[in-house]
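Keep in mind that the numbers below use all heavy atoms, side chains included, and drop hydrogens, waters and symmetry copies.
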Amino acid sequence: MLDSALRVAPAAAACDHLTTAYRWMLLARLLEEKMASLYRAGKITGGVFVGRGQEALSVSIGMTLQKGDIFAPLIRDQAGRLAFGEPLLDSVRTYLGSRLGPMRGRDGNVHRGRPREGLLPMISHLGAMISAVCGTLIARRFKGEGGVIGATCLGEGGTSTGAFHEAMNLAAVERLPLLMIVANNQYAYSTPTERQFACAHLCDRAAGYGIAGHQVDGTDLEACLKTLSIAADQARNGGGPQLIVAHLLRLAGHGEHDDASYISEELKASPLGRDCLDQAAALLLERGWASQADLSCWRDEALQQIEEAVATVQREAPPDPNTEHWSALATERLIDGHALPPEAP
Amino acid sequence: MLDSALRVAPAAAACDHLTTAYRWMLLARLLEEKMASLYRAGKITGGVFVGRGQEALSVSIGMTLQKGDIFAPLIRDQAGRLAFGEPLLDSVRTYLGSRLGPMRGRDGNVHRGRPREGLLPMISHLGAMISAVCGTLIARRFKGEGGVIGATCLGEGGTSTGAFHEAMNLAAVERLPLLMIVANNQYAYSTPTERQFACAHLCDRAAGYGIAGHQVDGTDLEACLKTLSIAADQARNGGGPQLIVAHLLRLAGHGEHDDASYISEELKASPLGRDCLDQAAALLLERGWASQADLSCWRDEALQQIEEAVATVQREAPPDPNTEHWSALATERLIDGHALPPEAP
Amino acid sequence: MITYLEAIREAQAKALADDPRVYIYGQDIGAFGGAFKATKNLAREFPGRVLDAPISEDAILGSAVGAAIEGMRPIIEIQYADFSTVGFNQIVNHAATLYWRTGVPCPITIRLPSGGTAGSGPFHSQSMEGLYAMYPGLIVMTPATVEDAYSMLLEAVAIDDPVIFCEHKYLYYHLKADRLPTEALPAGKARIARMGRDLTVVTSGAMLHECLAAADELAQEKYEVEVVDLRTVKPLDTDTILASVARTGRLLAVGEAWPWGGVTAEVVARVAAEGFALLDAPPRRLNAKDTPVPYHPNLWGTHRPTAQTIARAMRDLLRL
Amino acid sequence: MITYLEAIREAQAKALADDPRVYIYGQDIGAFGGAFKATKNLAREFPGRVLDAPISEDAILGSAVGAAIEGMRPIIEIQYADFSTVGFNQIVNHAATLYWRTGVPCPITIRLPSGGTAGSGPFHSQSMEGLYAMYPGLIVMTPATVEDAYSMLLEAVAIDDPVIFCEHKYLYYHLKADRLPTEALPAGKARIARMGRDLTVVTSGAMLHECLAAADELAQEKYEVEVVDLRTVKPLDTDTILASVARTGRLLAVGEAWPWGGVTAEVVARVAAEGFALLDAPPRRLNAKDTPVPYHPNLWGTHRPTAQTIARAMRDLLRL
Ligand SMILES: Cc1ncc(C[n+]2csc(CCOP(=O)(O)OP(=O)(O)O)c2C)c(N)n1
Ligand SMILES: Cc1ncc(C[n+]2csc(CCOP(=O)(O)OP(=O)(O)O)c2C)c(N)n1
Ligand SMILES: [Mg+2]
Ligand SMILES: [Mg+2]
């Protein structure tokens with residue numbers, strides 16, 4: 001699953017960590033912009049959900065995790081998925097419902113993953129993936145595979161679910177190497193934080209579980225990479241669950257159907273409103289790690305890669321209801337034949 | 001609903017707060033012992049769950065709440081129920097399944113209440129009552145009835161439920177006058193606290209919700225009364241939800257079927273293992289607020305009251321399946337007649 | 001012209017205006033007006049009575065039980081029916097049992113945006129009416145017309161028991177009417193949506209319209225299909241169904257939910273038990289396939305019954 | 001003599017001994033051995049593989065999904081079936097959908113101590129098999145004998161799909177057998193528990209024994225009642241049911257669950273649709289009453305079907 005990594009950054013090994021991170025962020029941003037335009041053109045049914053403004057945080061997770069680790073991304077983690085090793089094609093195929101995608105057109109958009117490769121496919125119910133990651137880590141413990149960690153993401157709104165609480169507490173009791181990354185992007189769909197929670201900092205919840213807590217400026221790539229690697233090291237070395245709360249702003253609608261007119265101007269103008277991608281670019285330029293020419297060439301490469309992927313997928317066949325195997329069971333002999341509609345063969 | 005209060009303490013008004021509290025505790029203890037013996041004699045079907053060792057905490061809740069307040073007790077709150085005004089007969093009738101009881105034999109033992117009088121009947125699912133109390137307080141706010149508070153109880157094990165988290169967070173967001181009393185009696189059925197949570201103190205969760213937290217020695221009646229009244233005043237005066245965590249030990253089995261052989265001797269020998277009822281008696285004697293003679297006469301009065309109640313209820317008719325109205329709906333016209341068994345008229 | 005969705009909004013506006021005990025609670029329903037805009041402007045028109053909730057379905061529904069005990073009449077909007085699974089316990093074990101246990105009514109209306117639409121996938125498409133109907137203590141409504149969306153929602157708020165109001169997302173915009181109704185059939189009564197003497201089709205929700213289209217198709221073939229719109233699946237208006245089967249002698253039950261159990265099984269089982277002699281042919285069912293609801297429109301269109309597959313089932317049955 | 005409960009304990013011991021991927025997770029199941037002692041001594045015999053869980057049904061079940069993805073085969077004990085409502089979402093929307101969505105199997109066995117016993121009341125008595133059977137992706141077992149409690153639980157652990165194992169609390173101590181079985185019918189196959197030519201009774205769980213007692217009673221009256229023990233309610237062994245009805249011409253479906261929907265509706269609906277011509281009389285159902293399960297033994301004994309009410313239903317049907 002590293003091929004796309006190599007394609008985006010031929011000299012990745014040599015190239016600076018930050019540059020690689022930036023290029024994944026850029027690829028994610030442009031890919032999601034492409035999906036959004038396909039959505040507006042009516043080429044994508046259902047919804048498109050983008051991570052605009054959250055790429056720095058997300059990519060840091062993907063880059064911090066190692067091969068063999070577990071990752072359960074959520075709806076704003078295109079950057080982290082790419083950095084973790086999810087092929088670019090998985091995203092395009094799932095959005096366009098290609099039968100060749102990991103979800104074979106059965107599930108769509110952000111509901112994708114490769115469980116066998118440690119990438120868990122989210123179900124929509126917020127908070128539900130956290131305990132699943134706990135379970136993968138319990139399994140690794142049973143199998144005697146140490147040094148593994150699992151990371152999962154949630155928005156600040158998702159912290160209000162009972163599922164979040166139960167999973168955090170379970171992780172703490174079992175002292176699992178779990179990274180719980182909460183992106184406080186100030187809104188849950190349209191709901192502002194003051195209608196979502198009343199604590200000073202969501203990070204204050206860490207003490208209530210007896211686990212480590214970290215806060216980070218989600219618009220600052222370097223800070224995100226640093227915080228994630230510190231938390232990951234602690235988890236990997238028996239430090240138990242780590243709660244990482246990043247502060248940022250959703251620079252898009254909840255989905256592409258949403259104009260987000262409810263987002264306050266004050267917040268947009270505040271430091272939270274900074275675009276982490278621009279910030280990262282500025283940093284690279286300032287440090288002399290990249291030139292304007294580099295940036296635009298990376299951009300062109302990314303765009304070309306995206307166009308290729310979309311072109312490929314658009315040539316792929318959609319799922320065929322007639323050849324589709326209409327059963328939800330792995331155990332063929334236990335399929336309830338009589339539960340099929342009368343008119344079915 | 002004050003009659004039983006008057007009967008147990010004729011001069012309640014004049015009599016000292018602590019004495020009244022002690023006498024409710026004593027009545028609760030002896031009543032539950034009677035229920036336990038009826039259970040052992042096979043006179044009670046189902047289970048018997050007692051609050052032995054938790055009477056000081058529980059009674060403090062009942063005595064702190066005022067008429068018009070809301071109370072959702074749990075399984076170890078016989079003392080608090082009596083002090084809040086639940087008639088002694090409600091308990092006996094529900095345990096024995098009398099059709100004259102508040103639950104009419106439909107529900108049993110601790111699953112009883114008088115919703116119209118602010119006493120909510122628990123469902124078994126732990127944590128489920130907290131949000132219901134939140135709802136009653138939201139209703140009071142809509143109705144413009146200020147100065148009202150609501151209290152509900154849970155064991156430390158119940159704090160691991162998603163329901164607990166969602167309700168605490170909702171209460172904090174709405175800044176409701178909720179008292180959440182957690183009795184940390186060191187075990188959830190057989191499960192010790194180290195398998196239940198990993199935080200230093202459950203009270204540390206208060207900060208995670210942005211609410212006030214209180215800790216108290218649950219074996220010390222005076223401390224419990226003090227802590228509850230402080231928390232109640234704060235809630236009544238707009239201080240928002242209050243989390244009160246009491247430390248004590250369950251001095252009985254989970255239910256009367258359980259010999260509790262798993263409870264560690266260390267804990268029994270520790271200060272947590274003190275019997276709050278003995279402690280309270282000792283205090284009354286020490287302060288000269290009661291004599292040995294008073295204590296034994298109160299005990300005799302309580303026993304007599306209990307014997308009367310049991311004798312009364314044992315003469316009462318059990319529910320009659322033939323006259324029972326087999327419908328779960330308040331709206332008669334919407335009863336699904338065809339859902340009745342064929343052999344029914 | 002008023003849509004099914006607007007009718008739901010209007011019904012809530014009227015309920016709020018007519019009864020001070022009514023309030024609405026749910027995610028994003030305040031200033032934003034709801035994920036589907038079913039509460040558009042209501043927060044402004046009724047200040048303090050349309051409240052945004054945290055993402056806490058269990059607590060949202062539990063709070064409604066407490067408020068109902070105190071005499072309020074909460075309307076709860078669950079953003080998608082599929083998410084009611086995380087508030088399930090408060091509905092089936094708390095709200096549904098309160099009256100039977102205590103004699104104190106629990107008037108809550110739980111609005112569940114239900115059913116499939118293209119591209120919604122496994123977790124934004126479910127039809128849960130059959131699930132809730134299994135539990136004692138609940139009323140389950142499945143309005144299939146603009147008129148019913150309006151009048152049944154108003155009745156739901158007036159009913160003293162918890163009502164699961166399964167409003168169908170597919171009908172939100174597709175369905176339009178000239179005006180809101182002034183009178184309506186009461187809950188618990190099914191409606192003959194189309195008269196016919198050859199075959200009785202019993203259905204509800206979005207499937208009603210697929211069935212009516214199929215009936216039109218069969219009319220070309222000179223078959224007169226009678227279509228019964230259940231409106232309420234609990235209680236189930238068995239008398240109306242039996243009366244129709246008495247006229248036609250044939251029964252097809254069509255549902256959008258999964259094939260094991262549910263409304264179609266209950267309908268067929270009741271007719272078989274109570275109207276056996278009325279049947280000239282075996283009763284039949286047509287349901288969705290026994291897998292989660294697929295994302296891709298091609299799969300989704302085959303997963304659920306459509307006018308085409310319903311017409312085929314009708315023909316099969318008429319040929320028997 | 002071994003009881004139904006001991007058989008469940010023995011099956012888990014064997015599963016743990018035979019397969020290193022198996023572990024058990026649930027409340028109070030470790031040193032304490034479980035609320036019903038179904039895991040007695042297992043924590044000692046299999047150190048580190050029988051783990052006490054916090055009171056977090058959602059997380060318990062969610063963790064099982066993750067562990068299954070990693071190749072483990074978790075057995076989850078929910079303390080009472082009734083409490084699975086707070087872990088409902090992880091079962092029906094996560095475990096049940098995983099294989100269909102990703103092609104990765106989700107082998108989890110979820111043990112639900114189910115059904116009514118005297119004095120257990122509304123929240124410790126529920127029969128939820130019909131509820132889970134509605135969802136695609138789940139296998140639902142309802143063992144009614146000591147032999148099945150043992151062999152079906154072993155098979156459940158071996159199956160690559162999530163299995164809802166509805167073990168009946170009423171049978172825990174009441175039911176005894178001489179020895180554990182060495183072979184067994186596979187899951188998905190129903191069993192003729194008693195042969196007869198006059199009437200087919202289809203049932204499962206604790207109701208099997210009420211039905212057998214009723215059949216004995218009718219034998220005095222010279223009626224030969226055939227009793228079918230479903231064993232698995234999803235998949236439902238429709239062929240065996242139809243073959244029996246073909247012999248008897250009469251069907252009575254008996255269940256302990258509530259009357260709307262559920263197993264009896266599915267059984268009657270399938271026979272009516274697929275075996276209509278086999279029926280000499282209307283198929284009938286007998287279920288519990290449509291209220292929560294009452295606490296008082298007098299009420300409970302009337303709420304659920306019993307040998308007596310079943311015998312009456314049999315006579316009614318035989319007279320038709
Ligand atoms: C249990 C549950 N309830 C409701 C929803 C509907 N829903 C989907 S996303 C969303 C808002 C999530 O906000 P947040 O967690 O802050 O994440 P963000 O979208 O801001 O990244 C809601 C309410 C859901 N998916 N799951
Ligand atoms: C959601 C849920 N899961 C499981 C149970 C079963 N159960 C009843 S009481 C109990 C232990 C409760 O322990 P704790 O909360 O500490 O209260 P205590 O009994 O110690 O007073 C359990 C597991 C339940 N009632 N609800
Ligand atoms: Mg957010
Ligand atoms: Mg405890």
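- Proximity to chain B (any heavy atom under 4.5 Å) is shown, for C:R21, by neither the backbone nor the side chain.
- Contacts with chain B were tallied for C:V65, C:N89, C:D160; C:N89 has the most, counting heavy-atom pairs under 4.5 Å.
- Taking the six-membered ring where tryptophan is involved, the planes of C:Y80 and C:F83 are perpendicular, since the angle between them exceeds 60° and thus also 30°.
- Annotation: maximal heavy-atom pairing with chain B below 4.5 Å, among C:D58, C:T238, C:D161, occurs at C:D161.
- Only the backbone of B:S327 comes within contact range of chain C, judged by heavy atoms closer than 4.5 Å.
- The distance between the ring centers of C:Y135 and C:F88 falls below 6.0 angstrom.
- Residues B:S124 and B:H111 bring a donor and an acceptor atom of their side chains to less than 3.5 Å of each other.
- With a 4.5 Å cut-off on non-hydrogen atoms, C:L138 touches chain B through its backbone but not through its side chain.
- In this structure, the portions of C:P136 lying under 4.5 Å from any heavy atom of chain B include both its backbone and its side chain.
- When ring centroids are compared, C:F165 and C:Y132 stay outside the 6.0 Å threshold.
- Residues C:E274 and C:L242 form a side-chain contact, since some pair of their non-hydrogen atoms from C-beta on lies under 4.5 Å apart.
- In this structure, B:Q78 and B:S91 have side chains that are in contact, with non-hydrogen atoms separated by less than 4.5 Å.
- With a 4.5 angstrom heavy-atom cutoff, B:I70 touches chain C only via side-chain atoms.
- Within the 4.5 angstrom heavy-atom criterion, no atom of B:R112 approaches chain C.
- In this structure, the side chain of B:R114 does not engage the main chain of B:P102 through any donor-acceptor pair within 3.5 Å.
- Taking all atoms of both residues into account, the shortest heavy-atom contact from B:L120 to B:A72 is CB-CB, 3.9 Å.
- For B:H165, no part lies near chain C; criterion is any non-hydrogen pair under 4.5 Å.
- Contacts between C:D239 and chain B at a heavy-atom distance below 4.5 Å involve backbone atoms as well as side-chain atoms.
- Using a 4.5 Å cut-off between heavy atoms, B:R333 touches chain C through its side chain atoms alone.
- The contact between C:E57 and chain B is made entirely by backbone atoms, counting heavy-atom distances below 4.5 Å.
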